[in-house]
Amino acid sequence: MISKFLENWKENPPSHLSVRYLSICVLIAIVYFVCGKLGLSFAVVHPSATPVWPDSGLMLAAFLLLGVRVWPAFLISAFLVNLATPAGIVNSLVIAAGNTAEVLLAAYLVTTYAGGLGFHSRPRLTFRFILLAALASTVVSASAGTTILSLTGSAHWAAYGRIWLAWWLGDAVSDLVVVPLVVVLVAASPSSWRPGRIIEFLLMAITLSLVAWTFSDPSEPLRFLCIPIIVRAAFRFGTTGAAVSVLLLAAFMIPGLLAVETSLLPGTRYSALLDVMWFVAVVSALALMVAAVVAERTRIDEDLRRARDELAGRVADVTKELAGTEVRLQVRETLLARAETVARTGSFEWNAASDHVIWSDELLNIHGRSREDIGDGIDELLAAVHREDREFVRALMRRTLAEGRPFRVLERIVGRDGKSRVLDCVGEPLYDATGTVSGVCGVCRDISDEQEFEKKLAESRDRFRMLIEGVKDYAIYLLDVDGNIASWNEGAERIMGYRAEEIIGRQVSLFYPEEAVPGAHADELLRTAGIDGSVEEEGWRIRKDGTRFWADVVITALREPDGGLRGFAKITRDLSERKASETALSELSGRFLEVQYEERRRIAR
């Protein structure tokens, strides 16, 4: 319903005096005013500056969806929101103008350089959205608002930096949290989700909400537990999961901070709230990048499957068309021609004695030539080869003619449009009736698109590898089917003490203490993970220096598309501090009971 409304809005834009346009503007103004009052309730450094400002993201999402024609609604509502503060009319006008100018600039930059509404579909576009919308354009509103407040005496120049930072951070976090959420929810189709997927999403959302609320205190290190939950949401549910998870993080962590505010030292509310917003901003950017990588990888897989299915369909169609053909030779020639077209492969034959070259139709298509504009000789065939490769290819063909040796070469050709393409060419000698080499025949396959695809796939894998290797609080590594370590990240090196070159290829049982019978226990965990899909346990592990630490370990089985076991992914987290706290508490409780018992015995005497 919303998608149809937006399509109709863009195809038939209403006039500025139409009921439809005015209704949308009134609705936008109401939402903006309510969200603005909510955001200003978190103002800690100045009544007009708050690190919680959802209106910036709402404005940008509206501009991307409806166009910049609705800017008057935002300008008026921004003025009214600020007029309700002690800022005054002049300050409110300048602040409203700054807010509107910021989002107009952000909408232009995102539309022009970050793919518009598709900013979340590719890592490159997502990075540009974060840089241009969240980091760069937000400087406009923060600078305009803070400057006018300082010039008019509504704020002290000494507080300029603190006010500016709170203002800028509120707008930046709003762009990172609100814009992706609105965009993906408008385009989402939840009806396509299976019940099991919906239940998984709800459980993940509830878990994240509880963690965010419980550990909202900036001094609480366990708040970082939110990160693996959000990263998993991005992997499982794409941009939708990332956007909703980040919203829940902010929605529960900020009120959770206020709930424990009484425990904060006097005057630390500003720094505590900014600490939470910085945390939300970093996690939001990470989640969006992970979701973009997953989306790009999924799209590449879908394109590959679609191309494979299309190829299979075309081959099936060719086979069906050729069924029943009376002349077998004609069938074989037609099938070969069709196969060359599908596989982008052409062939040639060169008779050295007459210097005559026969081109296949597909080889002509690859070169962008027709039979009417080509000559007969070998020089004509080599003329399209890139000048840096031409003499090398000529030497290979001469060697085949002289020695009867086949060759294979990657050569570049230049079409009439000036564009270069890469061909994978295989040449074989041609023999006459006496067994003497009389020429050269060969096939050339156009692999330009394959090389481009492999390049993009390699870039996607490198980004994913860098993401995993950059995690420092968790040891994340892969095991082969025998339990040998196959990869090692920076977090693993920090926790376990081994460098990658020291540990890769060694058995995972190396980390288990002797009393656990390392080999048997490690094999049992791998066996359980292979049967159940995953296994989790807490227990003692051994570092390189021989010290022990209490660890939470999750092992997940990795399988091939056909179901065969490929290996295991293992995540280890150091819980030593928590274990020490539990042990100390247990000892304290035992001591208390002993004292209580002795006191009762003394009284009984």
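Throughout, residue positions are numbered sequentially from 1 according to the sequence presented.
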Trainee: Salt bridge or not for Arg306 and Asp303, using N-O below 4.0 Å?
Mentor: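 Salt bridge between Arg306 and Asp303, a charged N being under 4.0 Å from a carboxylate O: yes.
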Trainee: Using the side chain to side chain donor-acceptor pair (under 3.5 Å) criterion, which residues pair with Asp482? Sequence neighbours excluded.
Mentor: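 For Asp482 there are no side chain to side chain donor-acceptor pair (under 3.5 Å) partners, ignoring immediate neighbours.
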Trainee: Restricting to side chain to side chain donor-acceptor pair (under 3.5 Å), what partner residues turn up for Glu537, sequence neighbours left out?
Mentor: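 Once residues adjacent in sequence are excluded, the partners of Glu537 under the side chain to side chain donor-acceptor pair (under 3.5 Å) criterion are His521, Arg541.
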Trainee: Restricting to side-chain contact (heavy atoms from CB on, under 4.5 Å), what partner residues turn up for Thr112, sequence neighbours left out?
Mentor: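 Once residues adjacent in sequence are excluded, the partners of Thr112 under the side-chain contact (heavy atoms from CB on, under 4.5 Å) criterion are Tyr108.
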Trainee: May I have all residue pairs that pass salt bridge (Lys or Arg N to Asp or Glu O under 4.0 Å) and include part of residues 404-415, sequence neighbours excluded?
Mentor: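 Applying salt bridge (Lys or Arg N to Asp or Glu O under 4.0 Å) to every pair that reaches into residues 404-415, excluding sequence neighbours, yields Glu388-Arg412, Asp389-Arg412, Glu403-Arg405, Arg408-Asp424.
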Trainee: For Ala569, give me all partners under side-chain contact (heavy atoms from CB on, under 4.5 Å), at least two apart in sequence or on another chain.
Mentor: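 Per chain and number, Ala569 pairs via side-chain contact (heavy atoms from CB on, under 4.5 Å) with Leu478, Leu558.
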Trainee: By side-chain contact (heavy atoms from CB on, under 4.5 Å), which residues pair with Glu391, not counting sequence neighbours?
Mentor: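 For Glu391 the side-chain contact (heavy atoms from CB on, under 4.5 Å) partners, ignoring immediate neighbours, are Arg394.
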Trainee: Applying side-chain contact (heavy atoms from CB on, under 4.5 Å), name anything that partners Glu501, two or more places apart in sequence or on another chain.
Mentor: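 Testing Glu501 for side-chain contact (heavy atoms from CB on, under 4.5 Å), a comparison that skips the adjacent residues, returns Arg499.
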Trainee: Donor-acceptor pairs are to be reported for all side-chain atoms of residues 172-181 against protein atoms at under 3.5 Å, with residues two or more places apart or in another chain.
Mentor:
unit_1	atom_1	unit_2	atom_2	d
Ser174	OG	Trp53	O	3.0
Ser174	OG	Pro54	O	3.0
Ser174	OG	Gly57	N	2.6
Asp175	OD1	Ser56	OG	3.3

Trainee: Counting distance only, does the side-chain N/O of Trp488 pair as donor-acceptor with the main-chain N or O of Tyr498 below 3.5 Å?
Mentor: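 Present.
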Trainee: What pairs with Arg527 under side chain to side chain donor-acceptor pair (under 3.5 Å), at least two apart in sequence or on another chain?
Mentor: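 Arg527 satisfies side chain to side chain donor-acceptor pair (under 3.5 Å) with Glu524 only.
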Trainee: If only atom types and distance count, is the side chain of Ser347 paired as donor or acceptor with the main-chain N or O of Val443 below 3.5 Å?
Mentor: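 The answer is no, because no donor-acceptor pair under 3.5 Å joins these two groups.
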Trainee: Please say whether more than 12 non-hydrogen atoms of neighbouring residues, nucleotides or ligands are located less than 6.0 Å from CZ in Arg566.
Mentor: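 No - once you tally the heavy atoms of other residues, nucleotides and ligands closer than 6.0 Å, there are 12 at most.
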Trainee: Which residue pairs pass the salt bridge (Lys or Arg N to Asp or Glu O under 4.0 Å) test with at least one member in residues 232-247, sequence neighbours excluded?
Mentor: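 Sorted result for residues 232-247: Glu200-Arg232, Glu200-Arg236.
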Trainee: Under the rule for side chain to side chain donor-acceptor pair (under 3.5 Å), what residues qualify as partners of Thr434, not counting sequence neighbours?
Mentor: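 For Thr434, the residues satisfying side chain to side chain donor-acceptor pair (under 3.5 Å) (neighbours in sequence not counted) are Asp432, Thr436.
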Trainee: Checking Phe279 now: which residues fulfil ring pair (Phe, Tyr, Trp, His ring centres under 6.0 Å) with it, not counting sequence neighbours?
Mentor: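 Result, ring pair (Phe, Tyr, Trp, His ring centres under 6.0 Å) vs Phe279: Phe224.
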